[in-house]
Structures are given as structure tokens and as C-alpha cells.
Amino acid sequence: MTPVPPAIAEALHRTIAGGGHVCVVTGAGMSAESGIPTFRGTHDSLWSRFDPMRLATAGAWRDDPALVWGWYRWRMQLVCNARPNAGHAALAGPAQRVPLSLVTQNVDDLHERAGSTVDAHVHGSLSALRCFACGRAHDGALDAYVPDRQRIEPMRCTACGDRIRPGVVWFGEALPDDAWATAVDAATRCALMLVVGTSGLVYPAAGLPALARRHGATVVEINPEPTALSAEVDHVWRATAAQALPPLLG
Ligand code: BJW
Ligand code: ZN
């Protein structure tokens, strides 16, 4: 098992002993060891293979909803076939022992499937389908996935007839108010923040570690690679989520 850097073990111990609260902020790297591709950083990452402006904006949806839905349907299938990894499992364990808030940028449900309660999905959830026009939640069944089909015509809203979109936050869209308020509250209250598997490039979520630090928290980055946040955290642990979280929280 990967040894926990002493300064990080000590920060966690101090937080627990002092009755403090831990905020964990996760990004795409959290699910990488479950086989879900990250957005950036590797040759097979999503944004190195696909153009975000054609797939992850409201304008892209208006231009070609079947292309966007086909892509999201493929990603939903990847998540459906994936399993939580040891990092997800470690975060689900200490809920009773450590007061912990879990804030994720991830739109998958692997934290929940590992047994965690996610306090804030700041970029929404793939499965929270809703109507693009009237916002009504889609409560019907999911359409059948057709492998290898690039374009899939989206389902229709039973209330207004417009198209059903994925429940994620696209570029240029506001984050869900309640999720964002919960994330800001957790960041301002915590004594320790663990920032796991995010490049720290996408705002406003990338501002949470700085917010926590301004409010006195110790901030630890867990990521095998340097990121935009590395210079502004208290401790950096160059390890993967599945390597670091079990020995830290187990
Ligand atoms: C591992 C690992 C392992 C690998 N273990 N680690 C300030 C300045 C400039 C621009 C802006 C600004 N503020 C806002 C903006 C605009 C924009 C933005 O930030 N753009 C930047 C890219 C420049 N932000 C927005 O548009 C946001 N909305 C907004 O600001 O609204 C304002 C508004 C207010 C009121 C009304 C209207 C508007 C919305 C952002 C939405 C982001 N959406 C996406 C797609 C979600 C849907 C989908 O899934 O398709 O969210 S983009 C994508 O990036 C996704 C992610 O959640 C997000 C962050 O990515 P993440 O998680 O960091 O992943 P990666 O891939 O970047 O990094 C992976 C990391 O893992 C790497 O570091 C690896 O090393 C590491 N890793 N294996 C641990 N095993
Ligand atoms: Zn509708």
C-alpha cells in the first residue's frame, strides 16, 4: 500500500482530533481507475478526441441535438458498465468517523454506487434528464442505447414536446444554485480539503480550494500530475485516487 505522507496524515489527524470537518472535492481523475475517460491530459481524454464546443454547450444542442444526445448516450453507457474503484470505496467508509462533505464535478454516479452520499454535484448528473425548453424532469424510461450510432434522436418531453437533454452543466451555463451553495458552504466551513483528480481549470469549481484556504483550511491535492492548483495548495500527494484514499481514510 502507498505510504501516506506524514504531513497529510497529521493534517487529517489534527482535523479529526479538533472536531473539524473534511471537504472532499473530486474531479474526473476520481473515476479514471474505473475506466471513465478524463476530459484533459491524456491522448484518449474526451476533449482531445471530441470538440467541447460541438458537444457541451447549449448552442451545440440547438445546432445538432442528435449528435449531442448520441455522444451523451455513449457516455451514459460507459458509466453504466463501470464499477466504483477503491478510491470511491474509501470515501464511502469514513462517513461515520469523520464529518465529511463530498463535492464532485463528476456527472457519473460512482460515488453513490460505492455508498457515499454526494452533497453537491456541481456540474449536474448524466442521469438527471430534463426538458431543454420547459425544464421538466424526464420521468419516463431511458431510450435504448444503439452501439456505434453517432446520432440518436433525443426523447421528447411529455409536457411540451421539446427535446430531453442530459442533466449536466454545459460551458456558459450557471451551476445549479443549491449544489453551488452547498459546495461554497462546505469549502468555507472545512478544516481540511482534499482535492482529488481535477485539473483545476474549470471555474467556478476550480476556485473552491482557494476559498477554503482563505477561510483557514489546509488544502491537500491528490493527483498523479501537476495541475493549475498545485502551487496554491498546502500539500501535494502525487498518487492516484485509488492509491491514496484507502491508506489515508482506511
Ligand atoms: C487523476 C487520475 C487518477 C488522472 N487519480 N487523478 C474564469 C476564467 C475563464 C473562464 C471562466 C471563468 N469562470 C467561468 C469561466 C467559463 C467556464 C470555464 O471555466 N472555462 C475554462 C475551461 C476556461 N466555466 C463555465 O462555463 C461554467 N459556468 C459558468 O461559469 O457560468 C457562469 C454563468 C453564471 C450565470 C448565468 C450563466 C452563466 C460551467 C462549467 C461547466 C463544465 N462542464 C464540464 C462538462 C460537464 C458535462 C459533461 O460531462 O459532459 O464539466 S467541462 C468538464 O471539465 C466537466 C468537468 O466536471 C470539468 C472539470 O474537469 P476535471 O474534473 O478537472 O477533469 P480534467 O479531465 O480536466 O482533469 C482530470 C485530472 O485528473 C487531471 O489533473 C489528471 O492528472 C487527474 N487524474 N487520473 C487521480 N487515477
Ligand atoms: Zn418540456
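- Contact annotation: the side chain of Cys23 approaches that of Val103 to within less than 4.5 Å [non-hydrogen atoms, C-beta and beyond].
- Minimum interatomic distance between Met193 and Leu208 (heavy atoms only, all atoms of both residues): CE-O, 3.8 Å.
- In this structure, the side chains of Leu110 and Ile36 come closer than 4.5 Å at one or more pairs of heavy atoms.
- Cluster membership check: Val169 does not share its hydrophobic cluster with Leu129, using side-chain heavy-atom separations under 4.5 Å among Ile, Leu, Val, Met, Phe, Trp and Tyr.
- Neither side chain, Arg113 nor Ser34, offers a donor N or O lying under 3.5 Å from an acceptor on the other.
- Interatomic distance, Leu100 CG to Ser116 OG, rounded to the nearest 0.5 Å: 7.5 Å.
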Go through the steps to decide whether Met30 and His88 satisfy the test side-chain contact (heavy atoms from CB on, under 4.5 Å), and finish with yes or no.
-> CA-CA 8 Å; Met30 182 77 225; His88 293 108; 3.7 Å; yes
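- Two different hydrophobic clusters hold Val219 and Leu102 under the rule that ILVMFWY side chains link at heavy-atom gaps under 4.5 Å.
- Donor-acceptor pairing under 3.5 Å is lacking for the side chains of Asn223 and Trp237.
- A cation-pi arrangement is absent between Arg49 and Trp47, since the terminal nitrogen or guanidinium carbon is not both under 6.0 Å from the aromatic centre and inside a 45° cone about the axis.
- Side-chain atoms of His111 and Thr26 include a donor-acceptor pair closer than 3.5 Å.
- Residue-environment remark: CZ (Arg83) stays at or below the threshold of 12 foreign heavy atoms within 6.0 Å.
- Between Asn85 and Ala242, the shortest heavy-atom distance links the atoms OD1-CB, 4.1 Å.
- At least one side-chain heavy atom of Pro154 sits less than 4.5 Å from a side-chain heavy atom of Pro65.
- The hydrophobic clustering, which links ILVMFWY residues whose side-chain heavy atoms are closer than 4.5 Å, places Ile152 and Val107 together.
- Between atom CD of residue Glu10 and atom CG of residue Leu12 there is a gap of 9.5 Å, rounded to the nearest 0.5 Å.
- One hydrophobic cluster, built from ILVMFWY side chains closer than 4.5 Å, cannot hold both Leu201 and Leu211; they sit in different ones.
- At least one side-chain heavy atom of Leu126 sits less than 4.5 Å from a side-chain heavy atom of Val79.
- Around the CG atom of Asp177, the shell of radius 6.0 Å holds no more than 12 heavy atoms that belong to other residues, nucleotides or ligands.
- The closest donor-acceptor contact from the side chain of Thr104 to the backbone of Asn106 lies under 3.5 Å.
- Summarising the geometry of Cys190 relative to Ala212, their closest heavy-atom pair is SG-CB, 4.1 Å, with the distance given to 0.1 Å.
- Distance CE/Met155 to CZ/Arg163: 13.0 Å, rounded to 0.5 Å.
- Using cut-offs of 30° and 60° for the angle between ring planes, the Trp61 and Trp170 rings count as tilted.
- Proximity of a side-chain donor or acceptor of Arg213 to a complementary backbone N or O of Glu232 within less than 3.5 Å is detected.
- Counting heavy atoms from C-beta outward, Arg165 and Cys131 have side chains that stay 4.5 Å or more apart.
- Between Leu248 and Leu194 there is a side-chain heavy-atom pair separated by less than 4.5 Å.
- Side-chain contact check for Arg73 versus Leu142: some heavy-atom pair is nearer than 4.5 Å.
- One hydrophobic cluster, built from ILVMFWY side chains closer than 4.5 Å, holds both Val118 and Leu245.
- A heavy-atom distance below 4.5 Å is not found between the side chains of His123 and Val168.
- Pro37 and Leu46 make their closest contact through CG-CD2, 3.9 Å (heavy atoms, listed as atom of the first residue, atom of the second, distance).
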Could you walk me through whether Asp64 and Arg151 pass the salt bridge (charged side-chain N to carboxylate O under 4.0 Å, His left out) test, one step at a time?
-> CA-CA 9 Å; Asp64 195 344; Arg151 283 187 163 68; 2.4 Å; yes
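- Under the 3.5 Å distance criterion, the side-chain polar atoms of Thr188 are matched with a main-chain donor or acceptor of Asp185.
- Distance CG/Asp162 to CZ/Arg136: 13.5 Å, rounded to 0.5 Å.
- The two residues Gly200 and Ala206 have their closest heavy-atom pair at O-CB, 3.4 Å.
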Any chance you could lay out the side-chain hydrogen bond (donor to acceptor under 3.5 Å, both in side chains) test for Thr198 and Arg40, step after step, and finish with the verdict?
-> CA-CA 10 Å; Thr198 178; Arg40 307 167 182 83; over 6 Å; no
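- The closest donor-acceptor contact from the side chain of Ser125 to the backbone of Ala128 lies at 3.5 Å or more, if one exists at all.
- Under a 4.0 Å N-O distance rule, the pair Arg238/Glu221 qualifies as a salt bridge.
- Under 3.5 Å, the side chains of Glu112 and His121 contain a donor-acceptor pair of N or O atoms.
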Applying salt bridge (charged side-chain N to carboxylate O under 4.0 Å, His left out), run through Asp63 and Arg54 and close with a yes or a no.
-> CA-CA 8 Å; Asp63 287 349; Arg54 287 187 65 213; over 6 Å; no
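- You'll find the ring centres of Phe132 and Trp69 outside the 6.0 Å limit.
- Side-chain N/O atoms of Asp119 and Thr182 include no donor and acceptor closer than 3.5 Å.
- In this model, no donor atom of one side chain and acceptor atom of the other lie less than 3.5 Å apart for His43 and Ser48.
- Counting only distance, with no hydrogens or angles, the side chain of Gln243 and the backbone of Thr240 share a donor-acceptor pair below 3.5 Å.
- Here Ala11 pairs with Arg14, Leu192, Thr218 under the side-chain contact (heavy atoms from CB on, under 4.5 Å) rule; sequence neighbours left out.
- With values rounded to the nearest 0.5 angstrom, Arg189 atom CZ is found 12.0 Å from His215 atom NE2.
- Annotation: the span from Ile222 atom CD1 to His235 atom NE2 amounts to 11.5 Å, rounded to 0.5 Å.
- Contact between Ser101 and His21 at its shortest, heavy atoms only, is OG-NE2, 2.5 Å.
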